[in-house]
Enquirer: 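Here it is, the structure in full.
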Amino acid sequence: MISEMQIHTIARQMIEKHGFEAIAQAAKNAVACEGRGDTEEAREWRHIEDAMKIMRGPHHS
């Protein structure tokens, strides 16, 4: 299991490298893990996705 600090570090690094498209990539990774039956890794990707959404701030339409 990844620590909360590691989650936020990974999220920040992904955003720095890929911009906010990284949120979609984290979601895709979670779906792929779920498809393989790896629920723990999927849960970690969802946590990373949520952290990136928080970093992005409120969504404006």
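Only heavy atoms go into these numbers, but all of them, side chains included; no hydrogens, no water, no symmetry mates. Since the structure is predicted, the reported quantities are computational estimates derived from the model, not experimental observations.
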Enquirer: Once rounded to the nearest 0.5 Å, what's the spacing between atom CD1 of Ile54 and atom CD of Glu49?
Expert: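 It is 11.0 Å, given to the nearest 0.5 Å.
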
Enquirer: Taking all non-hydrogen atoms of both residues into account, name the closest pair between Ala51 and Ala11 and its distance.
Expert: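 Minimum heavy-atom separation between Ala51 and Ala11: CB-CB, 3.9 Å.
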
Enquirer: Supply the atom-to-atom distance Arg36 CZ to Glu34 CD, rounded to the nearest 0.5 angstrom.
Expert: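 Those atoms lie 10.5 Å apart.
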
Enquirer: How far does CZ of Arg43 sit from SG of Cys33, to the nearest 0.5 angstrom?
Expert: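 Atom-to-atom, Arg43:CZ and Cys33:SG are 11.5 Å apart.
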
Enquirer: For Met55 and Ile15, work out which heavy atoms get closest and say how close.
Expert: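 Looks like SD-CD1, 3.8 Å.
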
Enquirer: Let me confirm one number: the CD1-NE2 distance from Ile7 to His47, rounded to the nearest 0.5 Å.
Expert: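 These two atoms lie 5.0 Å from each other.
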
Enquirer: So, taking the atom named CD in Glu44 and the one named OG1 in Thr39, what distance separates them when rounded to the nearest 0.5 Å?
Expert: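 OG1 of Thr39 is found 10.0 Å from CD of Glu44.
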
Enquirer: Which pair of heavy atoms, one from Trp45 and one from Ala26, lies closest together, and at what distance?
Expert: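 In terms of heavy atoms, the two residues are closest at CB-O, 3.7 Å.
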
Enquirer: Would you compute the distance between atom CD of Gln25 and atom CD1 of Ile48 and round it to the nearest 0.5 angstrom?
Expert: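 Output value for this atom pair is 11.5 Å.
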
Enquirer: Between Phe20 and Met52, which heavy-atom pair has the shortest distance, and what is it?
Expert: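 Shortest heavy-atom separation between Phe20 and Met52 comes out as CE2-O, 4.3 Å.
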
Enquirer: Checking the side chain of Glu21 only, and the main-chain atoms of His18 only, is there a donor and an acceptor separated by less than 3.5 Å?
Expert: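 Judged by distance alone, no pair lies under 3.5 Å.
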
